[in-house]
Amino acid sequence: MEDITEEKRAKSFWFADWAFPLIVGIMSAAIFTGTYMYIQYGVGAFNEVAIVAMLKAGLDGGSYGAAAAFGASFLFARILEGSLVGILDLGGSILTGLGIGIPAILLSVGITAPLNNFPLALLTGGILGLLIGGIIVLIRKFTINQSSSTFGADIMMGAGNSSGRFLGPLIVLSAAQASIPIGIGATVGALIFYKFEKPIAGGAILGAMVLGAIFPVAV
Amino acid sequence: MEFVTILIKSLIIGGLLGFSAGVGAARMFHAPNTQALGAFRTLGEMNACQGDAASHFSFGLGFFFNAWASAVGAGAFTQDVTHRVVPNWAAAALLYKNKDVSQTIQDPKKMGIAGTIIGMIVVAFLNSTAAAIPEALQVTAVAVLVPAATILIDTVMPIIFWLAAIDAGRRTGFWGTLFGGFAQMIMGNAVPGVVLGILIGKGVDDQGWSRITRIILFAAILLFILSGFFRGFDLELLESFKLSVPDWLDNVHEIIKTE
């Protein structure tokens with residue numbers, strides 16, 4: 001890529017600023033529709049269990065407040081940060097903000113159509129993504145070369161990563177409370193994954209499920 | 001029939017996702033000159049296994065199993081699908097034929113094409129296998145995952161973010177504590193407040209009270225006021241302090257209320 005000149009690069013779709021809203025739009029269409037899939041078929045949300053669980057709390061008849069506030073503030077923070085540092089964080093902005101926060105806001109005010117209809121979900125996600133991408137390119141025009149701050153992105157990412165580490169042990173604890181066989185399965189699964197240097201949350205879930213299939217629990 | 005519907009929808013979603021994840025990841029290597037879509041951890045991890053197809057592949061594979069377990073158990077893919085599996089597998093596929101990173105994983109066009117194919121396969125696989133899982137397994141997963149996730153969101157995450165804000169400096173600690181406490185009361189979870197506190201505190205640390213940091217603070221306060229109003233926090237607040245709610249405020253809430 002080094003042999004490509006700056007002018008050529010600015011004109012090319014693959015590097016241009018104007019292409020950015022399109023890329024975000026395509027990504028957002030996919031993520032928003034993933035949330036549609038989760039609501040319709042119970043599978044397909046593109047986020048961590050913990051974050052999807054917030055949306056689930058609203059779907060199950062509770063409040064959408066946590067999902068809406070969490071998602072919206074993440075989106076807000078990431079839009080600012082993304083335009084300043086040059087990398088829009090997918091996880092906070094699109095996966096959490098647009099995939100969880102915006103659906104939660106829509107559902108809490110009674111707008112269900114975009115989350116009940118496949119083409120409409122794609123379209124809604126795409127348009128919202130275009131807007132987000134557009135806002136970032138605009139902010140970029142005004143702030144680039146003006147700021148050297150990352151606004152604590154590293155601190156938030158560090159905290160995000162370390163809270164992810166808690167999920168493994170929490171799953172084992174929660175499995176042990178579900179039933180003894182499931183607790184044994186989760187512990188052994190976590191140990192196997194740990195031995196092979198994989199995230200222990202995955203092993204704990206799989207182990208719990210294997211033993212849970214043989215000795216089912218009633219919920 | 002439902003299986004076929006899920007499969008077709010998944011192929012469409014996966015293709016779109018894979019394309020944008022591939023292009024966004026390749027553009028990261030040209031940031032900040034080119035606005036990219038991805039994550040710093042993705043960039044760091046891709047740099048760590050740069051040039052080695054096997055490293056990229058096995059790195060993605062570990063997270064693929066994790067995503068699979070999560071999708072089967074709770075219907076959630078984990079963020080790793082977009083952050084790790086698609087970018088690293090697209091990289092591995094391209095590097096298999098050409099070892100020059102500047103012509104492969106740093107090229108948005110090639111990464112976009114490879115990502116499209118991988119995204120389609122990964123999403124279709126995750127959705128269709130998870131939907132075909134027997135109910136006993138899903139019941140177990142829900143019984144285990146939901147309590148664990150609840151503790152994580154309600155207690156562990158707020159504390160971790162809060163401690164990170166306190167450790168990051170006096171200013172982030174101050175704003176994190178202020179907004180964290182209010183976020184817990186207004187939004188029901190302290191994390192968004194602490195995140196905003198870090199954003200403001202660190203922004204001021206790095207560049208002082210500039211126009212940008214003032215706008216951020218103003219927007220954060222606005223966010224709190226609006227979400228407080230829409231969640232009826234103002235009414236609850238007055239009632240908790242044994243004060244009567246003025247009629248006009250009640251009326252405003254009646255007008256806004258949608259249910």
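Below, read A as the first sequence line, B as the second, and so on, with proteins coming before strands; counting in each chain starts at 1. Nothing here was measured: the structure is a model prediction, and the numbers come from that model.
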Evaluate side-chain contact (heavy atoms from CB on, under 4.5 Å) for Q40(A) paired with I6(B), printing each intermediate quantity in order. CA-CA 10 Å; Q40(A) 299 300 320; I6(B) 291 179; over 6 Å; no
Quick one: closest heavy-atom pair of [X] and [Y], and the distance?
X	Y	value
G44(A)	N127(B)	CA-OD1, 3.2 Å
A74(B)	Y38(A)	O-CE1, 3.5 Å
W14(A)	R27(B)	O-NH1, 3.3 Å
M209(A)	V72(B)	CE-CG1, 3.5 Å

Please tell me if the side chains of [X] and [Y] come closer than 4.5 Å, counting only heavy atoms from C-beta onward.
X	Y	result
L173(A)	I151(B)	no
Q177(A)	P147(B)	no
K9(B)	T33(A)	no
I182(A)	V144(B)	yes
T34(B)	D17(A)	no
E2(B)	Y41(A)	yes
F46(A)	T78(B)	no
W68(B)	L206(A)	no

Is the number of heavy atoms from other residues, nucleotides or ligands within 6.0 Å of CZ (F233(B)) greater than 12? yes
Toward chain A, the part of [X] with a non-hydrogen atom under 4.5 Å:
X	answer
A183(B)	neither
F19(B)	side chain
I200(B)	neither
L196(B)	side chain
V191(B)	side chain
V194(B)	neither

Side chain from CB out, backbone as N, CA, C, O: work out which of these in [X] comes under 4.5 Å of a heavy atom of chain B, or both, or neither.
X	value
Y36(A)	side chain
L211(A)	neither
L95(A)	side chain
V49(A)	both

Given D100(B), V23(B), V81(B), I159(B), the one with more heavy-atom pairs under 4.5 angstrom with chain A than any other is V23(B)
Counting heavy-atom pairs under 4.5 angstrom with chain A, the leader among G14(B), A69(B), G119(B), S70(B) is A69(B)
Could you check L37(B) against I87(A) for side-chain contact (heavy atoms from CB on, under 4.5 Å), going step by step and ending with a plain yes or no? CA-CA 5 Å; L37(B) 179 66; I87(A) 297 179; over 6 Å; no
Interatomic distance, OG@S20(B) vs CD1@I94(A), rounded to 0.5 Å, equals 9.0 Å
Is there a donor-acceptor pair closer than 3.5 Å between any side-chain N or O of E48(A) and the backbone N or O of Q79(B)? yes
So which of T5(B), I8(B), I13(B) actually passes side chain to side chain contact (heavy atoms under 4.5 Å, CB included) with F118(A)? I13(B)
Donor-acceptor pairs under 3.5 Å, side chain of residues 21-29 of chain A to any protein atom, not counting sequence neighbours: which ones?
residue, atom, partner, partner atom, Å
S28(A), OG, V24(A), O, 2.7

